[in-house]
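To start, the structure under review is shown below, and the notes come after it.
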Amino acid sequence: MIYFDHNATTPVDERVLEAMLPFFSSYYGNASSLYKAGRLTRSAINTAREQIAALAGASATQIIFTSGGTEANALALHTNNPRTQLAISAIEHPSITESALKLKQQGCPLEIISVDPHGLVDENAIDALQIRAPAIVSIMLANNETGCIQAVAKYTDKLRAVGAIVHTDAVQALGKIPVDFKQLGVQRMSISSHKIYGPKGCGALIVDDDTLIEPFLVGGDQEKGLRAGTENVAAIVGFGKAAELALAELSSRSEKLLALRLKLEAALVEIPNLTIFAQHQTRLPNTVQFGIAGIDGEMLLMQLDQKNIAVSSGSACASEGGQPSPVLTAMGIETTLAKSAIRVSLGKQNTETEIYQFITTLKALFLKTNLR
Amino acid sequence: MYLLDTLFSKTPSKSSDSMTKPIYLDYAATTPMAQQAVEAMLHCLTLEGEFANPASLQHGFGERAEKIVEQARFQIAQILNCKANDLVFTSGATESNNLAIKGMALSHQKRGKHIVTSASEHKSVLDTCKYLESQGFTVSFLRPDAQGVFSLQDVLQALTDETILVSLMHVNNETGVIQELETIAQALQERGIFFHVDAAQSAGKLPIDLSKTPIDLLSLSAHKFYGAKGVGCLYVRNRKKTALAPLLHGGGQEFGLRPGTLPTHQIVAMAIAFKIAHQRMAADFQHCQRLEQILIAQLHQLDGVCFNGNPQQKLPNILNVSFENVGADALIIALRDEVAIASGSACNTGAMEASHVLRAMGIEGDRLYGAVRMSFGRYTTEAEIIQAGQRICAEVTRLRQLALE
């Protein structure tokens with residue numbers, strides 16, 4: 001069994017699980033309660049806040065816990081003011097794109113920032129934005145499909161100068177490359193636990209000015225009233241531990257992942273008609289997405305699955321449908337090539353042997369005619 | 001592997017522990033997890049288990065995760081007697097309540113902009129309704145009788161031609177008072193008005209049969225019935241007709257009603273915890289009844305004790321008590337290292353406000369400001385209740401004396 005789909009989700013690290021265990025059963029107070037058990041869980045949540053803040057270059061008080069990246073993204077964009085102008089890049093996660101489209105239906109003007117064929121946000125498109133406050137601009141830090149890293153920090157001053165609130169979806173970047181909320185200069189940033197070897201069901205929005213946040217889950221004073229609902233203590237503790245480990249192991253993990261990816265890419269480029277998307281861009285060390293002209297990607301995925309190799313075409317949040325990836329389409333990749341896309345996203349427990357097994361299997365599959 | 005034995009041996013009943021570990025009487029705020037639910041959870045987290053994204057249907061890892069999520073959905077549906085696809089997983093009852101009320105208001109506002117709820121609902125319902133008021137909706141907040149109960153008449157009188165939704169809780173989280181739903185549900189169905197029920201406190205404790213009671217939307221929360229925090233669900237009858245508008249967008253999970261990666265481990269644990277709660281419903285109920293009787297008898301040794309909420313129509317696991325001349329805050333803080341009790345909902349944190357539930361019941365003055373909630377459950381022992389009762393009586397007496405000095 002080879003698991004190469006870490007951008008969809010990661011297994012929980014054993015050390016993370018151990019940190020979570022006591023919170024399933026021993027310390028079961030509601031964190032919003034005054035008594036001792038409640039205080040213990042509250043202090044565990046605050047520790048997690050510190051751990052996550054350290055990894056993300058933010059301060060603990062800037063963290064609003066949510067049920068995950070999708071909710072964090074929704075909260076980042078949410079507004080009741082239909083005059084708010086929105087601008088998002090053309091390669092955002094569906095949770096940003098769909099939230100923005102919904103807000104557009106409610107009257108918010110929406111502009112889409114185009115990307116170049118390499119997956120990079122077009123600087124001219126940023127300059128051409130016709131926005132003034134109130135406005136929210138969202139540009140993802142690293143793309144979930146191509147792994148392409150955007151120069152978000154380069155745009156923030158410009159955008160803030162015209163009064164926009166700048167948000168970045170850092171769900172895929174966190175734990176893989178250094179992420180620094182303050183240096184990026186954004187006002188809002190989404191992160192998620194289950195992409196960094198923490199549990200599912202937990203994420204956070206980091207905000208520099210929470211008075212500007214318009215909550216959409218109401219009915220409780222948790223998270224300063226910005227996100228109601230009993231805190232998911234065990235998951236928050238797990239997220240915190242995962243963040244602590246990611247920070248401590250950031251360089252060793254990314255060095256290892258990059259070495260594996262380069263080995264993989266060296267073998268991939270030998271395959272005729274194979275294109276690595278965003279090949280010459282700075283990408284996440286663990287991610288490579290490629291297409292092979294004339295190949296049916298879905299069929300290839302199925303065949304790889306039969307060989308117990310788990311890869312994907314792109315976002316798990318957009319599986320099913322048979323449409324080419326909107327990310328690749330936005331990059332101007334031709335439809336048939338986009339439909340052949342395979343994304344390999346490596347994780348910290350993957351090995352060189354697995355890379356070679358994958359390559360061998362892939363090459364063997366190409367010899368079969370039914371993929372063409 | 002994870003030394004579960006040592007984890008679960010820390011039962012608070014052991015006398016050696018009793019000095020260090022406070023007695024937990026706040027089950028209505030949250031419950032510890034059932035051991036089987038924790039064990040099930042552990043199989044869905046690490047590389048050896050079903051850790052994959054249930055939406056990753058392009059490979060076997062994801063398919064297996066999806067399969068166990070669907071099994072869990074089916075198990076919960078069986079107990080509620082509804083279709084599996086009528087259940088939408090959420091992050092908990094707060095989100096379920098927000099989704100149900102905002103979602104119905106948004107999609108049916110052309111038909112009318114009036115909503116009926118009660119003044120004694122959970123804050124997640126009240127605040128959602130207040131938000132809708134700011135968006136041009138009209139909301140009628142029913143007042144319960146002095147015992148915390150509504151009659152069918154109360155509900156019917158509040159209805160107008162504009163009413164699209166009625167939202168009431170099944171069991172009140174502060175008093176444990178049970179609201180009879182059957183006749184209200186029938187009457188609303190006849191009038192074509194949608195009915196949402198917040199069943200966070202009743203699920204797993206009272207039978208709910210959705211094939212018999214015409215409820216359109218029902219909110220559940222796992223951590224109130226020995227499942228994990230961070231997960232719940234919303235039952236949505238007839239998705240076409242209810243046409244609920246989602247709060248979150250993008251991803252397509254949960255029929256588009258609630259996108260976001262599903263927390264497999266929490267969902268699987270929720271199903272197991274719900275199944276156990278269903279199987280043990282009578283036993284848990286009787287156990288709580290016995291504990292309640294003991295506690296009531298003990299508290300009756302004091303003068304000036306008053307129980308809030310209809311004693312004939314409440315769950316035995318929640319006891320709401322006012323002590324004459326003793327402020328709830330003083331009592332809770334004095335006891336907080338020994339007995340964990342609360343003044344009301346944990347969702348109204350720290351802020352020492354008087355209970356809006358009791359206020360709605362017409363309770364005022366000392367009785368209002370002196371009200372505390374004691375709630376217990378499956379793992380509370382008689383010995384703990386007796387010890388807690390003694391501590392509470394002693395502390396009430398001490399605080400009263402202090403007040404006299």
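If you're wondering where the values come from, they're calculated on a predicted model, not measured in any experiment. Side chains are part of it too, since the values below use all heavy atoms of this structure and drop only hydrogens, waters and symmetry mates. Sequence lines set the chain letters: A, B, ... in the order given, protein chains first and strands last, and positions in each chain run from 1.
- Of all non-hydrogen atoms in B:R64 and A:M1, the two that sit nearest each other are NH2-CE, 3.5 Å.
- In this structure, the portion of A:H194 lying under 4.5 Å from any heavy atom of chain B is its side chain and not its backbone.
- Here A:Y3 and B:F51 bring their ring centres to under 6.0 angstrom of each other.
- Ranked by heavy-atom pairs under 4.5 Å with chain B, the first of A:M302, A:K102, A:K200 is A:K200.
- The minimum heavy-atom distance between B:H122 and A:G219, with the atom names listed, is CE1-O, 3.8 Å.
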Checklist entry - Should A:N80 and B:Q135 be marked as a side chain to side chain donor-acceptor pair (under 3.5 Å) after you check the CA-CA gap, both sets of side-chain angles, and the distance that decides it? => result CA-CA 9 Å; A:N80 290 312; B:Q135 300 296 306; 4.5 Å; no

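- For A:T97, no part lies under 4.5 angstrom from a heavy atom of chain B.
- In B:Q36, the CD atom is not crowded: 12 or fewer heavy atoms of neighbouring residues, nucleotides or ligands sit closer than 6.0 Å.
- Using a 4.5 Å cut-off on side-chain heavy atoms (C-beta onward), B:V231 and A:N232 make no contact.
- When atom types are taken as modelled, the side chain of A:D305 and the backbone of B:G60 share a donor-acceptor pair closer than 3.5 angstrom.
- With contacts defined as side-chain heavy-atom distances shorter than 4.5 Å, the pair B:H265/A:P199 qualifies.
- For chain A, the nearby parts of B:L47 are the backbone and the side chain; heavy atoms of each come within less than 4.5 Å.
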Checklist entry - What's the verdict on side chain to side chain contact (heavy atoms under 4.5 Å, CB included) for A:L217 and B:L247, showing C-alpha distance, side-chain angles and the deciding distance? => result CA-CA 9 Å; A:L217 281 189; B:L247 292 181; 3.8 Å; yes

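- Here the NE2-OG1 distance, from B:H223 to A:T230, works out to 3.5 Å after rounding to the nearest 0.5 Å.
- Nearest heavy-atom pair across A:R227 and B:S91 is NH2-OG, 2.9 Å.
- Contacts between B:A228 and chain A at a heavy-atom distance below 4.5 Å are absent for every atom of the residue.
- Interface remark: A:A228 contributes backbone and side-chain atoms alike to the contact with chain B (heavy atom separation under 4.5 Å).
- No hydrogens or angles considered: nothing links the side chains of B:Q58 and A:D5 as a donor-acceptor pair under 3.5 Å.
- With a 4.5 angstrom heavy-atom cutoff, B:L99 does not touch chain A via any of its atoms.
- Contact of A:S192 with chain B is not made at all, since no heavy-atom distance falls under 4.5 Å.
- Between chain A and the residues B:S221, B:A65, B:G49, B:G230, the most heavy-atom pairs under 4.5 angstrom are made by B:G230.
- Not a single donor-acceptor pair under 3.5 Å links the side chain of B:N53 to the backbone N or O of A:T9.
- Residue A:L103 does not touch chain B at all, counting heavy-atom pairs closer than 4.5 Å.
- In plain terms, the two heavy atoms of B:T94 and A:V218 that are nearest each other are CG2-O, 3.8 Å.
- Only the side chain of B:Q266 comes within less than 4.5 Å of a heavy atom in chain A; its backbone stays farther off.
- When heavy atoms are compared at a cutoff of 4.5 Å, A:V311 approaches chain B solely by way of its backbone atoms N, CA, C and O.
- Of all heavy-atom pairs between B:L42 and A:F24, the closest is CD2-CE1, 4.3 Å.
- Both the backbone and the side chain of B:T264 come within contact range of chain A, judged by heavy atoms closer than 4.5 Å.
- A donor-acceptor pair under 3.5 Å is absent between the side-chain atoms of A:E71 and the main chain of B:G260, judged by distance alone.
- Contact annotation for B:K130: neither backbone nor side-chain heavy atoms come within less than 4.5 Å of a heavy atom of chain A.
- Put simply, the side chain of A:E14 reaches to within 4.5 Å of the side chain of B:T46, judged on heavy atoms.
- Considering every non-hydrogen atom in both B:G250 and A:E98, the closest pair reads CA-CG, 3.2 Å.
- Here the CE-CG distance, from B:M41 to A:L21, works out to 10.0 Å after rounding to the nearest 0.5 Å.
- For a residue to count as touching a neighbouring chain, one of its non-hydrogen atoms must lie under 4.5 Å from one of that chain's; by this rule A:Q349 touches chain B with the side chain only.
- Within the 4.5 Å cutoff, side-chain heavy atoms of A:S67 are placed close to those of B:R258.
- Other residues, nucleotides and ligands contribute only 12 or fewer heavy atoms inside 6.0 Å of the NZ atom of A:K104.
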